[in-house]
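Written out below as structure tokens is the structure these notes cover.
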Amino acid sequence: MKKMPEINESINWKEITPGGTVYEAAYSLKFKTGDWRSIKPVFNEEKCKQCLLCAPVCPDCSIPVVAGKRLDFNYDYCKGCGICAKACPFDAIEIVKDEK
Amino acid sequence: MLEIRWHGRGGQGAKTASLLLADVAFNTGKYVQGFPEYGPERMGAPITAYNRISDEKITIHSNIYEPDFVVVVDESLLEPVDVTKGIKEGGAILINTDKNAEEIKNSLKGFNGTIYTIDARAISEKCLGRYFPNTPMLAAAVKICGIMEDEAFLREMQGSFEHKFASKPEVIEGNMNALKMAIAEVGK
Amino acid sequence: MAIRDRLSGNEAVAIAMRQINPDVFPAFPITPSTEIPQFFSQYVADGKVATEFITVESEHSAMSACIGAQSAGARSMTATSSAGFAYMWEVLYVAASCRLPITLACVNRALTGPININCDHSDAMGARDAGWIQIYSENNQEAYDNFIQAVRIGEHADVQLPVMVCQDGFITSHAVENIELIEDEKVKAFVGEYEPEEYLLNAAQPIAVGPYDSSAYYIEHKRNQAEGMIKAKDVILQVAKEFKDMSGREYGLFEEYRLDDAELVIVVINSTAGTAKAAIDSLRKIGVKAGLLKIRVFRPFPMQEIAKALSGKKAVAVMDRCEGFSAAGGPLFAEIRSALYDASDRPMAVNYIYGLGGRDVTTGDIEKVYSDLADMATSGEAGETYRYLGVRE
Amino acid sequence: MAYNFKEVMSKPDRFNGGHRMCAGCGAPLAVRGVLRAVKEEDKAVIGCATGCLEVSSFVYPYTAWSDSFIHTAFENASAMTGGVEGAYNVLKRKGKIKDTFKFITFGGDGGTYDIGFQSLSGAMERGHDMVYVCYDNGAYMNTGIQRSSATPKYADTTTTPAGSEIQGKQQFKKNLTDIMVEHNIPYAAQTTFIGNFKDLHEKSEKAIYKKGPAFLNVLAPCPRGWRYETEDLMEMCKLAVDTCFWPLFEVEDGNWTLSYEPKTKLPIEDFLRPQGRFKHLFKKGNEHMIEELQREVDRKWAKLLDKCNAK
């Protein structure tokens, strides 16, 4: 099995993976898009009825669902589009300004 | 090295005949080439095919401009095509026609070399019941080019037909007869 | 024991393919390479190969399917010519950059404009910098031998690049000539199995192929890719040596014919080399010191080796079956003359554009070139370097 | 199998965060939704045409895909994936591969309706066992919102700008789903994102697990190109189906079925009004354009109902 080298902008041509092939699935998880966000969704667990309608509408896979229940947002990737808040029938998601 | 040029019409089998001739010579242990001159021509258009036959390895890859022999599969080409062009001193031409050499000479624009004729249509129709000029033309060409002895050639072709017509052996005899008749009838 | 046969160049390549028994063969017909997939489809129909034969709707898709298949872990190959080859052009680059050892039988034919079905090298030459190894063949025997070697060359761990094996459209592709075939088992043993290290269908390790590559990485990837081409030179020679052990036939990066003591030299690609050999033999009989350097491997380009081989010659004619328009010459000339820049004892060099669109080349034409070279050697003047052979003025 | 939303949502994503699609983009919803229909024990190879999705989901070295993924060019995704499927067939026959693999290719409308159409048509006709998913956002968004043959009539794009003489794109959208149906493939369907994604899921499941080629056309709104607020994505999809601009249907083995019939068929205006790309249609004097669009929607809807009832 081919080992994936650590790839960053200091890698030289001998070490780089030939053809740009990447041997590690979901490597993008190393790339955090959360800092693209200017507004952010806030999860109010109390109001949530676990209907999960917010989960499939997230373009950034930032609403983890485990065993039929959604957990808090994964802010590493959430870009703050606000689709989830609109999809929530119970006002359990509030959009606020993202103060970093 | 022996160089042969074929003139025929698209769909008539001049290319196939040249490849068959290459096969025959190949089977005698020679080095061979068999190739047509290609263009976008379709059925009926005049086409040219070539053979080189040699005891030495052949490296030349060009058309043949000064052939030892020319074979004309379709008599109607004598008018539109300069079939005798470039024939070597001492070379010969073989024409599929029901005329004899003397009669056809006038159509050859002053050609002074040897003229052979063969009535491939009559032979084919007699032996095969249909007009397939290839078989008699091949036999006549082998004969006049002196590629191999008649007996050896016929033995060779018997084997080849048995292979080619494995699924319809009834046509082998007719083809063999066509060869034999062509060998016997090709004349100057 | 070699099998003596007589075959056209196309059938010879098809037989090599049958013996290799590739996993995937996507194909689209184009004259004059069409016969190759035709022969091959018969092998498929008769169960003589285990290949997945995909009758794609275009050459672009043929090469795209090759890329998909090879990335997936399957040995793939196809055949094409001319406009079909040009239509593949975009994805030829992808095949090379993805480091996929696909093999392609390129039956050289003129590019359209105007349409012409006959031989020249403008198709393959147009993709000379696509990152493919290019091997050229004088006749059916070489097309067959080269194709078998191509698989080994491309798949070598040091190389990992696609390889195209070229031969002249109609002139050799459709000419029946003598050939010595190698037994099926020997070819199979020679090429071996394709066992890529990483591939899409490896359930244990998913991979991602064909990224968007930013300027932070692109040039490193290209340099890495270039290394495969650089290393290919040794691999080609190593594979040739093994091939000689099996077949008795010897191949190098180029062939020298009566070159050692030659003063006047022609450099040429593919079938015209054979015609030149015949011309040289007759010129030698009348005391002309004529010789030939026949390019076999154009990519990687054997620059130093060629410079060495041509050093000390009096005059060299480089023959391009491909127009260079207003470049330094045809593609072969530009590179040969560039190679000669470093030669210790540099000969005069001129370029002949010849044989475009299937224009026939005879021994007489070749003799005319040697006669021009002799004049140059005598006068010490090269004169016009960008010349045409046989163009009506 | 009945759709169990909670169970399906609890499956690990096969498409991951860290991709660089725009905030609020519809394409990742299509990808996540389709891939949720792949059985967890099955493997997949994902093909992709050049486009927003590709250049954002695999920026070297960051692949967002959990499965093997391949992209090579804009117009060849179908042929490329056909090659992968061919490889699978032969390697499976030879016993070199044990697992079950599924082959799914994604392309935008540019890579599907237009430049990739030949390759798509060829692959579908040949019958590769693969699913082609078009995420249709109605323009070449990747290169900056140029018109495609999927762009709706009168939409303002960067190559069909609304001007004083010409009011946006002058042609109706190509009926690609119908054209794919006419390839006689075992399964073709049109869907988008509504409710709990049942429609997308069930169609994806059929497309993936039905033997032979399948085509899914998924309307995937692009907030940038359509010019609406990102948060309104689900509303845009709802309006598209309730106005019958984008009817949901499937064609399985030649049988047409309507998947959704709006309780009240809304006027096309309702779909157009929230989108900046149709703003010029609401200028005084342009009413006839909206009327024309309404007539076309009505005509196509009637035709569809006809096909779906005709079985």
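A, B, ... follow the sequence lines: proteins, then strands. Residue 1 opens every chain. Computed from a predicted model, the values in this text were never measured in an experiment.
Neither the backbone nor the side chain of T81(D) has a heavy atom closer than 4.5 Å to any heavy atom of chain C. Only the side chain of E193(C) comes within less than 4.5 Å of a heavy atom in chain D; its backbone stays farther off. Contact of V59(D) with chain C is made through backbone and side chain together, with heavy-atom distances under 4.5 Å. With a threshold of 4.5 angstrom between heavy atoms, S97(C) does not approach chain D through any atom at all. For a residue to count as touching a neighbouring chain, one of its non-hydrogen atoms must lie under 4.5 Å from one of that chain's; by this rule Y194(C) touches chain D with the backbone only. The contact between V56(C) and chain D is made by backbone and side chain atoms together, counting heavy-atom distances below 4.5 Å.
Panel note: side chain H183(D), backbone I179(D); a donor-acceptor pair is recorded below 3.5 Å. In this structure, W132(C) contributes its side chain and L92(C) its backbone to a donor-acceptor pair below 3.5 Å.
Contact count against chain D (heavy-atom pairs under 4.5 Å) is highest for L201(C) among D23(C), V94(C), L201(C). When the candidates T50(D), N89(D), D99(D) are compared by the number of heavy-atom contacts under 4.5 Å with chain C, N89(D) comes out ahead. Each of V24(C), I207(C), I54(C) has some count of heavy-atom pairs under 4.5 Å with chain D, and the biggest count is that of I207(C). No other option in C98(C), S71(C), A50(C) has as many heavy-atom pairs under 4.5 Å with chain D as A50(C). Ranked by heavy-atom pairs under 4.5 Å with chain C, the first of T63(D), I97(D), L91(D), I46(D) is L91(D). Of the listed residues (S214(C), P206(C), P211(C), S58(C)), the greatest number of heavy-atom pairs within a distance under 4.5 Å of chain D belongs to P211(C). With chain D as the partner, the residue from A203(C), A95(C), A72(C), S61(C) showing the most heavy-atom pairs under 4.5 Å is A203(C). Of the residues considered (H71(D), K96(D), E54(D), K98(D)), H71(D) shows the highest number of contacts with chain C, using heavy-atom pairs under 4.5 Å.
With a 6.0 Å cutoff to the six-membered ring centre and a 45° limit on the axis angle, R18(C) does not count as a cation-pi contact of F39(C). For the pair K39(D) and Y209(D), the cation-pi criterion (under 6.0 Å, within 45° of the ring axis) is fulfilled. By the 6.0 Å and 45° rule, K43(D) does not stack over the aromatic ring of Y88(D).
Within a 6.0 Å radius of CZ in F53(C), other residues, nucleotides and ligands contribute more than 12 heavy atoms.
In this structure, F69(D) and W65(D) have parallel ring planes: the angle between them is below the 30° cut-off, well short of the 60° mark.
A donor-acceptor contact under 3.5 angstrom links the side chains of N16(D) and S66(D), judged on distance only. Defined by atom type and a distance below 3.5 Å, a donor-acceptor pair is missing between the side-chain atoms of S119(D) and N76(D).
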